[in-house]
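Taking it in order: structure first as structure tokens, then the write-up.
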Amino acid sequence: MDYKDYYKILDVKRDATQDEIKRAYRKLARKYHPDISKASDAATRFKEVNEANEVLKDPKKRKAYDRLGSNWQSGQEFRPPPDWGTASDFGGSFNTGGAGAFSDFFETLFGQARQGGAGRGRTFSMRGEDQQAKVVIGIEDAYHGTTQTLTLQKPQAGPGGQVHMREQRLDVKIPKGIRPGQRIRLASQGAPGHGDAPAGDLYLEVAFRPHPYYRVEGANLYVDLPVAPWEAVLGAKVNIPTPDGMVTLTIPPDSKQGSKLRLKGRGLPSKDKGDLYAVLNIALPPAKTEVEKALYEQMAQEMDFNPRAHLGV
Amino acid sequence: MKRKNEMVSITTGVVIDEEFGLSLVELCRRFAVQRDWIVALVEEGILDPAGPAPNEWQFSGESCWRVSVVLRLERDLDVNLSGAAVVLDLLEEVEKLRQRLGS
């Protein structure tokens with residue numbers, strides 16, 4: 001098993017006071033709390049921080065940990081010294097902050113006695129913890145529905161009552177019309193309950209992979225649509241892509257830069273169907289040949305156009 | 001569902017903001033919390049059940065998610081109810097902004 005450098009995890013010196021440890025812990029617990037942090041490794045970091053705090057906040061455990069000496073490196077192969085006491089020497093119970101099982105390193109040194117966490121206002125319960133996970137899908141998947149395979153870390157109690165993390169694969173149906181940020185509750189797919197109590201639920205947050213040209217807001221889709229100046233001024237029919245296939249869009253005459261043209265019902269197929277908006281982006285035609293330059297010169301002479309009128313110049 | 005020699009089991013869930021109809025009693029049971037505590041969450045504006053009186057309240061799946069977050073914030077960070085309400089509001093705001101940024 002790997003050695004854990006608890007001082008390094010909490011970013012404190014080995015001679016830090018108990019107050020310094022408490023402050024460092026609270027700061028990092030807020031930073032890495034999985035409900036608050038969006039970092040992909042937040043849950044792992046949060047668990048490490050809780051484990052480090054569990055040892056360093058308790059002078060008895062801290063003293064025992066310090067006895068291992070300071071020559072160990074994080075991640076170094078570790079075996080407890082032969083004179084190491086039994087876990088019961090440390091008495092008391094601990095709670096993993098719902099972060100799942102602590103490391104084998106912790107379990108070997110301080111393990112066994114444990115008790116589920118009970119928050120204020122909460123009566124005693126052995127229902128499994130709710131868990132959360134994130135799944136990233138493409139915009140097209142939301143148009144047709146998809147099945148995604150998740151790999152989850154689930155705590156599981158071994159025969160000795162020690163808790164280990166186990167990998168579990170889960171194939172989950174993502175329904176058609178899902179919007180980014182929505183959550184899917186998978187009943188009883190969270191952490192297992194204790195005894196006969198039911199398992200917790202798994203909340204799956206759906207995110208969309210960034211798309212090269214679609215943006216999603218709620219159930220609506222936006223696409224920037226480049227048009228030539230004459231298409232905007234004179235009107236045109238242009239083909240535009242939608243996740244459902246190509247459609248023809250009519251650009252009305254005298255359209256302005258940034259105008260939004262709505263394709264009703266072409267957004268995400270949610271219960272309230274979204275729309276697709278084409279945002280006009282007038283492209284500047286380059287003038288490379290003499291003929292092209294002459295056209296610009298003709299416009300400069302014949303058109304009464306001041307693009308800076310709103311600046312008062 | 002059996003296909004060829006391979007067992008394929010696909011888990012289907014509920015999209016939580018489309019899920020409705022949990023009573024106060026059911027919500028308390030699901031999270032093993034006391035009625036007064038849920039009432040406090042409603043008074044704080046963290047939960048917004050449909051229905052006029054506690055006995056007729058109907059909670060959404062979104063409420064379950066919020067209860068679950070508040071329980072974790074209380075337990076892990078000692079956040080009180082008004083603090084949790086602020087955190088939930090800010091998280092929602094951040095989520096909206098992130099989506100607008102497309103990240």
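Note that the structure is predicted; figures quoted are calculated from it, not measured. Numbers restart at 1 for each chain; the letters A, B, ... are given by sequence-line order, proteins then strands.
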| Of the backbone (N, CA, C, O) and the side chain (C-beta and beyond), which part of A/Arg169 lies under 4.5 Å from a heavy atom of chain B, both, or neither? | neither
| task | Heavy atoms only, distances under 4.5 angstrom: which of A/His211, A/His33, A/Arg215, A/Glu217 has the most pairs with chain B? Name it, please. | result | A/His33
| query | Which atom pair, heavy atoms only, marks the closest approach of B/Leu77 to A/Arg26? | reply | O-NH2, 3.2 Å
| At a heavy-atom separation under 4.5 Å, does A/Tyr25 approach chain B through its side chain, its backbone, both, or neither? | side chain
| query | Would the number of heavy atoms belonging to other residues, nucleotides or ligands and lying under 6.0 Å from CG of A/Asp41 be above 12? | reply | yes
| field | B/Ile16 portion near chain A, given a 4.5 angstrom heavy-atom threshold | value | both
| field | A/Gln189 side chain reached by B/Thr11 side chain, heavy atoms, under 4.5 Å | value | yes
| said: Out of A/Pro180, A/Ala187, A/Gly218, return the one with the most heavy atom pairs under 4.5 angstrom to chain B. | reply: A/Pro180
| remark: Assert top hit (heavy-atom pairs under 4.5 Å, partner chain B, pool A/Arg185, A/Lys173, A/Lys38) equals A/Arg185
| query | Is it the side chain or the backbone of A/Glu205 that comes within 4.5 Å of chain B heavy atoms, both, or neither? | reply | side chain
| query | Does CG in A/Asp224 sit with more than 12 non-hydrogen atoms of other residues, nucleotides or ligands closer than 6.0 Å? | reply | yes
| field | pair A/Val172-B/Thr12: side-chain heavy atoms closer than 4.5 Å | value | no
| query | Going by heavy atoms in the side chains, are B/Val15 and A/Arg183 under 4.5 Å from each other? | reply | no
| field | Largest heavy-atom contact set with chain A, pairs under 4.5 Å, which of B/Glu62, B/Arg72, B/Glu95, B/Lys96 | value | B/Arg72
| For A/Ile178, is it the side chain, the backbone, both, or neither that has a heavy atom closer than 4.5 Å to a heavy atom of chain B? | side chain
| field | Greater than 12 external heavy atoms within 6.0 Å of B/Asp48's CG | value | no
| request: Check each atom of B/Cys64 against the heavy atoms of chain A and say whether the ones under 4.5 Å are side chain, backbone, both or neither. | output: both
| task | Show your reasoning for whether side-chain contact (heavy atoms from CB on, under 4.5 Å) applies to B/Asp76 and A/Asp35. | result | CA-CA 10 Å; B/Asp76 300 338; A/Asp35 283 309; 5.8 Å; no
| said: Quick one, A/Asp130 and B/Trp65 - any side-chain contact, counting heavy atoms below 4.5 Å? | reply: no
| message | Distance check, rounded to the nearest 0.5 Å: A/Gln148 atom CD versus B/Ile10 atom CD1? | response | 11.5 Å
| What distance separates A/Gln132 CD from B/Ser68 OG, expressed to the nearest 0.5 Å? | 7.0 Å
